Amino acid sequence: MRKKILVTLGIILALAGVSAAGIAVTSMNAPKHPSEYHIGITYDEALKSEKPMLAVFYVDWCGYCLRFMPKFATLSRVYKDKFNFVMINVEETEDTKKMAEEVGIGGFPTVYILDPKYDNRVLMPNAFYQNLAKFRGELDRYLRIRSLLDKQ
């Protein structure tokens, strides 16, 4: 009986070690900075398009930004035909710093719908960052309103 318990315990410990090693390898390959995600197109390319853009303003040292990027990637796959997706590293250049000042970035990440066609800017509440259903609801609402404007 004691031998069965020891063998079972040994198997459990071995499986736990393999599982922990898998988690360590996975986390080693995970992006460590938001800029490693490479989602979407540049801001200048998005300005030339007829589609509105969903722009995330971020900095590489921001843990919240890093946690948001997988959701931003998901949104970019779901809405790729309706929005241009743009990542703007606020600390990258003087132009991005100036842009952040112009739109009023108060924290990171900050997500805006920017629509050059209608000269419109909509700040997405950070309460939606954790809830993709709410986020998608707001994106769909914007698209409905925009389609009404397009019909006028």
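Keep in mind it's a predicted model, so treat the numbers as computed, not measured.
Within the structure, no pair that satisfies the salt bridge (charged side-chain N to carboxylate O under 4.0 Å, His left out) test touches residues 55-80, not counting sequence neighbours.
For the pair D115/Y142, a side-chain contact is recorded, criterion being any heavy-atom separation below 4.5 Å from C-beta on. Looking only at side-chain heavy atoms (C-beta outward), L139 and I113 come within less than 4.5 Å of each other. Side chains of L54 and F72 form a contact here, defined as non-hydrogen atoms less than 4.5 Å apart.
Both F135 and I39 sit in one connected hydrophobic cluster of ILVMFWY residues. Membership requires side-chain heavy atoms under 4.5 Å apart, directly or through other members. Hydrophobic clustering, with ILVMFWY side chains joined whenever heavy atoms are under 4.5 angstrom apart, keeps Y118 apart from F83. Residue M69 is not grouped with residue I105 when hydrophobic side chains (ILVMFWY) are merged at heavy-atom distances under 4.5 angstrom, including chains of intermediate members. V103 and V59 end up in the same hydrophobic cluster when Ile, Leu, Val, Met, Phe, Trp and Tyr side chains are linked at under 4.5 Å. Under a hydrophobic clustering in which Ile, Leu, Val, Met, Phe, Trp and Tyr are joined whenever their side-chain heavy atoms come within less than 4.5 Å, directly or via other members, L114 and V111 fall into different clusters.
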Starting from the C-alpha separation in whole Å, work towards a yes-or-no answer on side-chain contact (heavy atoms from CB on, under 4.5 Å) for T110 and L123.
CA-CA 8 Å; T110 296; L123 174 64; 3.5 Å; yes
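Every residue two or more places apart in sequence or in another chain that forms a side chain to side chain contact (heavy atoms under 4.5 Å, CB included) with P70 is listed here: Y37. Partners of Y129 by ring-ring contact (aromatic ring centres under 6.0 Å, His included), not counting sequence neighbours, listed by chain and number: F68. Considering only residues two or more places apart in sequence or on other chains, R121 meets the salt bridge (charged side-chain N to carboxylate O under 4.0 Å, His left out) condition with none of them. A search for side chain to side chain contact (heavy atoms under 4.5 Å, CB included) contacts involving L47 returns Y43, D44, M53, P116, not counting sequence neighbours. E138 pairs by the side-chain hydrogen bond (donor to acceptor under 3.5 Å, both in side chains) definition with R141, not counting sequence neighbours. With sequence neighbours excluded, the residues satisfying side chain to side chain contact (heavy atoms under 4.5 Å, CB included) with K82 are Y79, L143. Evaluation of the salt bridge (charged side-chain N to carboxylate O under 4.0 Å, His left out) rule for D150 yields K117, R146 as partners, not counting sequence neighbours. Applying the side chain to side chain contact (heavy atoms under 4.5 Å, CB included) criterion to N131, with sequence neighbours excluded, gives A133, K134. Applying the salt bridge (charged side-chain N to carboxylate O under 4.0 Å, His left out) rule to E94 yields the partners K97; only residues at least two apart in sequence or on another chain are considered.
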Show every donor-acceptor pair shorter than 3.5 Å between a side-chain atom in residues 84-92 and any protein atom, with sequence neighbours excluded, or say none if there are none.
unit_1: N84; atom_1: ND2; unit_2: S49; atom_2: OG; d: 3.0
unit_1: N89; atom_1: OD1; unit_2: E91; atom_2: N; d: 3.1
unit_1: E91; atom_1: OE1; unit_2: W61; atom_2: NE1; d: 3.1
unit_1: E91; atom_1: OE2; unit_2: W61; atom_2: NE1; d: 3.1

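To the nearest 0.5 Å, the span separating CD on E45 from OG1 on T42 amounts to 3.5 Å.
Between P34 and C62 the shortest heavy-atom distance is CG-O, 4.2 Å.
In this pair, Y112 and F57 present their aromatic rings perpendicular. The plane angle is above 60°, beyond the 30 to 60° band.
Within a 6.0 Å sphere centred on OH of Y64, other residues, nucleotides and ligands contribute 12 heavy atoms or fewer.
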